[in-house]
Amino acid sequence: MSKLVQALNSARVRGWLYQALFVSGTLAVGWYLVSNTLTNLSKRGVATGFGFLNREAGFEIGESLLTYAASDTYLKAMIVGLLNTLTVSAVAVIFASILGVAIGVARLSSNWMVGRFAAVFVETVRNVPLLLQLVVWYTIMNRLPSPREALEVVPHVFLSNRGLKYPTFVEHAGHGWAFLALILGIIGAILIVRYGRKHRETTGKPFPTLPAALASVILPPVAVFVASGAPFAFDLPVLTGFNFEGGASVSPEFTALLIGLSVYTAGFIAEIVRSGILAVPHGQTEAGLALGLSPAHILRLVILPQALRVIVPPLTSQYLNLTKNSSLAVAIGYPDLVSVTNTSANQTGQVVEAVAMMMVVYLVISLCIAGFMNWYNRKVALVTR
Amino acid sequence: MSKDSIPQSTAALAASFEEEPSQASVATLPGGMTALKPFGWAKNNLFNTRANTVLTLVCFAILWFAVPPVVNWVLLNAVWLGTSDECRAAAGACWSIIAVKHRLIFFGTYPYEEQWRPFLACALFVAMLGVSGVRAFWRPWLVGAWALVLVAMGVLMWGGVLGLTHVANDKWGGLPITLMLSVFSITLAFPLSILLALGRQSSLPAIRSLCVGFIELMRGVPLVSVLFMASVMFPLFLPEGVTIDKLLRALAGLTLFTAAYLAEAVRGGLQAIPKGQSEAADALGLGYWQKTMLIILPQALRMVIPPIVNQFISCFKDTSLVTIVGLYDLLTAATVATTDPEWRPFFAEVYVFAGLMFWIFCFSMSRYSQWLERMANRYNRR
Amino acid sequence: MSENAVIELRKVGKWYNSYHALRDVSLTIKKGEKVVVCGPSGSGKSTMIRCINRLEAHQTGHIIVNGTELTDDVKSVEKVRKQVGMVFQNFNLFPHLTVLQNLTLAPIWVRGMAKSEIEEIAMMYLRRVRIPDQAHKFPGQLSGGQQQRVAIARALCMRPEIMLFDEPTSALDPEMVKEVLDVMIELADEGMTMVCVTHEMGFARSVADSIIFMAEGTIIESGSPAQFFENPKSERTRQFLGQILEH
């Protein structure tokens, strides 16, 4: 008896006991819910399992990166939705970052007017629900004039309630090569910038980084373009009947979602950038000045490397939020992952499987971004005692 | 976080780093009095460098072109109480759509003659929020008062007693839904989040990993998917014959979602408590729950009040998503108001109005949270 | 004024909004002179020393450093800052760079020196401040005294003609004060022109050529250490010395 009491008083035994109770409680509740669910599903005659993924979807998807038809499978439909989610998120991340950094820096401006402008922007977009903003952008898109009275924003670019129409080049083999040359040129420019810095650091002599990098980006594609006979023909959008023909277009749903996500997230990024720069103590600037460094060099060599450590982790979680917020596409009819999953679930009745798959996909995206963040934090952590 | 104390020249450096930064913050004339005069102020804050002068002029140009049309649309050319035909003829905003539709926007499909009830409920609610914002009232009786107010709201909304007719909750809509979902979900999420945060900090691996799993799952997926899951899964979870209505399902989904985020805020507070506090409690012979309830939580929770308010703001904004699972909140009501063929062209006015409602609430809450943070800092510094 | 004055302040005035921080401060410092500035807190001594390399801008009067007058002109400010090194109370080392990188940053980007060349010089200075073995550590890994010695070496790497010290030992634990002062004394022995704001009266007595006592934004008294400590002229100085030398 006393042995039992002694055992029960041992911290380790108690720990195991609590855990066993907790886990078995969780399992019991889980089992109860699952068994209820299975009973209910079989009562309703709903199939279970992931067999439906190989069946024919039977619905069209408005926009798709892959060739997709209603006769394709549910699995393919969901992949199309996932790609749409990733597309709109990736483009919105770029726009939101540019806008957010600009506004964040503007908020710190010593110019009172510029600071106020930025503050008004930030306080407005952050304090109105994203969904409301999306609905507003989408309504504006839909209430634009019809293609016949489309607004010609710049020559040959039309904005109408069918979305944005813009000219493209007539396809030609030369374009592919010129594009390849551009990519190589950009890689070259990155190498030149790195070399320029290294050169400056080792020899102390300035290196013409900017002209060299610009030349590397511009010259090769132009050269290839000219060499391949300068195939310069536009495919212009032309109004025929009730709609445009030719050119390329972006749908109103995509445009609304892109604008909404970019603007909303930019408000948050602006605050992150601002507090990141403010987090660098003023003494750092003074030390740089006292050493005779120019303000531009102080920003580049002293402030930014330190501010980025503060900025990047919350920035990545904003990117993650943006990706998750793109799920609001379902409210304005852009065929993203959530929207396609929702349609599939409604058609097959296998809601549980469909929603679970969707959650797993988002979870994987989140874990990837979180993994990146941890790697970055470890890489840049300041070494202290 | 006294952001204000950071000298202005850092900001100048960030904005226009081609200029000499140490110039930015100082008055250039002797006597120091110039800073108080508007001319000197403008010289220091708008025209102190060449780049800033250009920027200021650009800003003025934008104002010059943007302000008159906006003022014309909002005020001068607006129709305040006219008919839809007068609105179509006018060049300005049609505020009469708000005059006509405000009952729909605020209260949705709640029976028209009974709408004083949700009005009273919302008024009580907002008054209670105001009272809760005052630190002097942070006493035990406040919890009791909240319980009373919530009961009163329930009675007002549902009716069926005291001679009030019963209104089923699928008829509820508009502002009461938005307010109730946000406050109830954050209130219910709060205790859950404390348990989750404690679990995450626990030394027992099974408990810790279950809590981590739940928190990371909820934080890794969009709210929309949680709401979908809640709206289809909860009916399936329950034994036969038991049903759960749409409002409660959405509330449950929101609560679980909010709890995960709140748990992370609470964990931040727990981690900020010096280890010495826990060691001192152990040394005094307090048990785990005594230590947690008497020493750790009171300090941690005081620290996390500002993040909790911020979470409340985002929860308030997030309630607008329930429109996707078919609930009739403020945003749904606003959208419905714009679909009336007679008033169809005037969507902007309705959205501006709805946006303003959200904005006023969220902006004042965020200012409040900043104020709380300043107070907390002052408290800590002493 | 004398021919070999390297720093000259003439009736310098400065306001922070309505607060009058410096009132008509006039001062001449000759080449190789060591000046210690002391005074109660809020007396304007830090403000004055920070005006010399224009971390603060004065509003009236003139400041001339090595023949260059400090004005709004960016070029003249840059020129002066290249010739004047500064050591701060709280070190202000760059935490994201190693000790060696802290030392070589400005010579590379401001003086345009080659890395191999300046690294050799930097190691020489690190040896002189007696921490060559810490070259590849980060500032956060060093003790306060070591950090301040790195900060001195960092300023020296720019080969300054004048060194400013703004309370270099105030943020240090007592046992580390000596290691920093030793480095400063060595520097003084080499003939560097130095302006030090400090409360280390032992250092002032042994090293300074002249001592300046400031209060309420003006120079109350200046003179040789002997005169300052043995025979102060003003009551205010006597009172200050009484407080500071009591222990």
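Order of the sequence lines sets the chain letters (A, B, ...), proteins ahead of strands, with each chain counted from 1. Every heavy atom of this structure was used, including side-chain atoms; hydrogens, water molecules and symmetry mates were not.
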* Asked: Less than 4.5 Å apart, any side-chain heavy atom of B:F228 and any of A:V338?
  -> yes
* Specify the closest pair of heavy atoms between B:S225 and A:M358, including all atoms of both residues, with the distance to one decimal. => CB-CE, 3.2 Å
* Asked: With sequence neighbours left out, which residue pairs that include part of residues 15-30 of chain A fulfil the side chain to side chain donor-acceptor pair (under 3.5 Å) condition?
  -> none
* Region of A:M359 in contact with chain B, defined by heavy-atom distances below 4.5 Å -> both
* Nearest atoms (heavy-atom pairs only) where A:L363 meets B:G220 -> CD1-CA, 3.8 Å
* Structure fact -> Output for pair (B:L63 CG, A:M113 CE), nearest 0.5 Å, gives 4.5 Å
* Asked: Non-hydrogen atoms of chain A under 4.5 Å away: do they reach the side chain of B:S314, the backbone, both or neither?
  -> neither
* **Taking every non-hydrogen atom, the tightest pair across A:E123 and B:W359** => O-NE1, 3.1 Å
* Just wondering, do A:L131 and B:K317 contact through their side chains at under 4.5 Å, heavy atoms? -> no
* Sidechain-backbone polar pair: A:K324 side chain, B:V224 backbone, donor-acceptor under 3.5 Å -> no
* **Set of residues satisfying side chain to side chain contact (heavy atoms under 4.5 Å, CB included) with respect to A:R126, sequence neighbours excluded** => A:V122, A:F268, A:E271
* Asked: How far apart are the closest heavy atoms of B:I207 and A:F22, and which atoms are they?
  -> CG1-CD2, 3.6 Å
* To do: Please look at B:L331 and chain A and tell me whether the side chain, the backbone, both or neither of the residue comes under 4.5 angstrom of a heavy atom of that chain.
  => side chain
* Asked: If you count heavy-atom pairs under 4.5 Å between each of A:V135, A:L367, A:N342, A:T341 and chain B, which one has the most?
  -> A:N342
* Non-hydrogen atoms of chain A under 4.5 Å away: do they reach the side chain of B:F60, the backbone, both or neither? -> both
* Is chain A contacted by the side chain of B:L204, its backbone, both, or neither, given a heavy-atom distance below 4.5 Å? -> both
* To do: Heavy-atom distances under 4.5 Å only: say whether B:R208 touches chain A with side chain, backbone, both or neither.
  => neither
* To do: Under 4.5 Å heavy-atom distance to chain A, tell me which part of B:I62 shows up: side chain, backbone, both or neither.
  => side chain
* Region of A:I140 that comes under 4.5 Å of a non-hydrogen atom in chain B -> both
* Asked: B:V352 versus A:V136: any side-chain heavy-atom pair under 4.5 Å?
  -> no
* **Side-chain heavy-atom pair A:L132, B:S320 within 4.5 angstrom cut-off** => no
